[in-house]
Trainee: 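Quick one: structure below, then a few questions.
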Number of protein chains: 2
Amino acid sequence: MAEPILGILGGMGPEATIELFWRIVALTPARTDQEHLHVLVDNDPKIPNRTAAILGEGDDPLPRLTQAARRLEAAGAGCLLIPCNTAHHWLPALRETVRIAILDMIAETADRIAGLEPRPDTVGLLATTGTIRTGLYQDALEGHGIEVVTPDEPSQARVMRAIGQIKAKDHAVKAEILTIAGRLIEHGAAAIVPGCTELSLVLSEKDVPCPLVDPLSTLAQAGIAWAQAQEG
Amino acid sequence: MAEPILGILGGMGPEATIELFWRIVALTPARTDQEHLHVLVDNDPKIPNRTAAILGEGDDPLPRLTQAARRLEAAGAGCLLIPCNTAHHWLPALRETVRIAILDMIAETADRIAGLEPRPDTVGLLATTGTIRTGLYQDALEGHGIEVVTPDEPSQARVMRAIGQIKAKDHAVKAEILTIAGRLIEHGAAAIVPGCTELSLVLSEKDVPCPLVDPLSTLAQAGIAWAQAQEG
């Protein structure tokens with residue numbers, strides 16, 4: 001059997017791509033180089049902005065996403081991971097362009113939320129306006145009977161600004177994000193999802209008084225599980 | 001002109017590979033995803049241990065190094081970076097297997113050392129036994145009239161143990177490495193080279209009372225300079 005190779009379709013942004021790669025390495029039980037997993041990364045930061053495309057204000061990212069997926073498949077990847085929540089809007093289309101599996105970070109996260117004890121009736125979603133508009137998380141959680149609350153319009157504008165600042169290497173926006181998360185908890189959220197990979201870079205479990213279910217860590221674990229299943 | 005793609009031939013080990021990727025992203029002047037560089041990473045940790053091969057105690061890593069170099073070339077990389085000092089022993093052989101450029105981390109580091117003011121007559125090298133035995137740094141620095149001092153045999157055995165511990169995610173070996181670096185300074189070293197990428201993970205400039213010239217940062221800068229030159 002061919003050795004499993006994990007493919008990361010990244011660049012959206014580069015820091016979140018590195019963080020996924022890092023979490024895979026950190027979560028792999030290994031004491032020597034050779035015990036680690038084979039990972040291919042295509043960090044293509046020129047993929048057009050996903051939220052802008054969803055809002056009808058920018059280029060379609062699908063052609064470049066397809067190119068990266070095919071590049072990784074041709075190079076030998078057996079399974080793809082996409083460390084960008086908003087890009088999952090194009091997941092059904094992308095799955096038609098390659099023959100290998102593409103993990104679904106949103107579905108994996110929804111499953112993990114549904115498995116929490118006690119199971120939350122409502123989760124608070126911090127994400128790009130693109131992710132919220134497409135209803136990716138709302139649809140995935142509806143199947144589990146879980147409701148999603150999102151920030152009001154002025155707060156959502158602040159979340160988007162904060163995501164831009166994190167992309168510009170400014171992580172000092174954490175306090176503002178936590179204030180908005182606090183309001184979602186006041187509105188009934190019993191768990192928080194940092195549903196944009198840039199937010200995964202600045203928020204951690206100890207920051208909120210309820211479970212924080214991080215899609216990026218969930219995806220890292222799903223990737224490792226895929227590789228371990230292939231290795232038998 | 002085709003967009004420049006940097007290829008990282010990594011996995012030796014994965015943490016050092018991530019660190020090079022991270023330094024490229026951190027050193028790139030960018031405020032949006034799209035301003036970052038396109039980077040392909042082949043993190044193949046199954047490449048056989050380089051020092052073991054040089055000491056005649058392990059498998060030849062060249063076949064797998066060649067496979068990774070060709071994979072990156074076929075996927076579109078225009079230039080390769082190898083974040084493993086010891087692997088540079090196979091650089092001349094690897095350069096014959098692909099048509100794209102492969103940067104030489106050792107030569108870049110030697111050039112940077114030769115450009116220091118005041119220029120050191122002697123540098124202290126902390127590296128794998130494989131790197132020291134092959135004379136990679138000694139040869140590169142000899143051309144600049146600079147001498148290399150290395151740890152005595154018991155200290156070198158401790159450096160090798162420390163490198164293994166860093167690969168096993170134990171970074172608590174820093175104090176021991178600094179003691180050995182201190183002895184090289186007593187023996188005349190006017191600059192220190194952490195000439196194993198695992199040591200780049202734990203040592204930084206503020207740790208030593210003389211210049212520390214880090215090959216991993218030097219390689220990141222050389223990679224960015226290559227990409228910027230391509231973009232014109």
Trainee: Before giving the answer on salt bridge (Lys or Arg N to Asp or Glu O under 4.0 Å), spell out for A:Glu57 and A:Arg50 the whole-Å C-alpha distance, their side-chain angles and the decisive distance to 0.1 Å.
Mentor: CA-CA 10 Å; A:Glu57 296 164 359; A:Arg50 285 65 61 196; over 6 Å; no
Trainee: Less than 4.5 Å to any heavy atom of chain B: does that hold for the side chain of A:Ala75, its backbone, both, or neither?
Mentor: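 It is both, since atoms from each part get that close.
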Trainee: In terms of heavy-atom pairs under 4.5 Å with chain A, which of B:Asp44, B:Asp42, B:Val25 leads?
Mentor: B:Asp44
Trainee: A:Trp90 and side-chain contact (heavy atoms from CB on, under 4.5 Å): which single residue from A:Ile82, A:Ile54, A:Thr66 fits?
Mentor: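 Per the side-chain contact (heavy atoms from CB on, under 4.5 Å) rule, the option paired with A:Trp90 is A:Ile54, out of A:Ile82, A:Ile54, A:Thr66.
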Trainee: Any side-chain to backbone donor/acceptor pair from A:Asn43 onto A:Gly10? Under 3.5 Å, distance only.
Mentor: no
Trainee: Need one label for B:Leu6: side chain, backbone, both or neither, based on atoms under 4.5 Å from any heavy atom in chain A.
Mentor: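 For B:Leu6, neither part sits under 4.5 Å from chain A.
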Trainee: Report which part of B:Ala68 has an atom under 4.5 Å of a heavy atom belonging to chain A: side chain, backbone, both, or neither.
Mentor: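 Neither part.
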Trainee: With a 4.5 angstrom heavy-atom cut-off, is it the side chain or the backbone of A:Arg70 that approaches chain B, or both, or neither?
Mentor: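 Neither part.
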Trainee: How about A:Ile8 and A:Leu40: do any of their side-chain heavy atoms sit closer than 4.5 Å?
Mentor: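 No, too far: nothing below the 4.5 Å cut-off.
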Trainee: How long is the gap from CD on B:Gln221 to CG on B:Leu27, to the nearest 0.5 Å?
Mentor: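 Nearest 0.5 Å value for the CD-CG distance: 5.5 Å.
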Trainee: Report which part of A:Ile24 has an atom under 4.5 Å of a heavy atom belonging to chain B: side chain, backbone, both, or neither.
Mentor: neither
Trainee: I'd like to verify something: which residue of A:Ile5, A:Asn49, A:Val41, A:Leu37 has the highest number of heavy-atom pairs under 4.5 Å with chain B?
Mentor: A:Val41
Trainee: Among B:Ile47, B:Thr32, B:Val39, which has the most heavy-atom pairs under 4.5 Å with chain A?
Mentor: B:Val39
Trainee: Under a 4.5 Å heavy-atom cut-off, does chain B meet the side chain of A:Leu72, its backbone, both or neither?
Mentor: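 Contact with chain B is absent: no heavy atom of A:Leu72 under 4.5 Å.
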Trainee: Tell me, do B:Asp104 and B:Arg95 make a side-chain contact under 4.5 Å, heavy atoms counted?
Mentor: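 Yes; the side chains approach each other to less than 4.5 Å.
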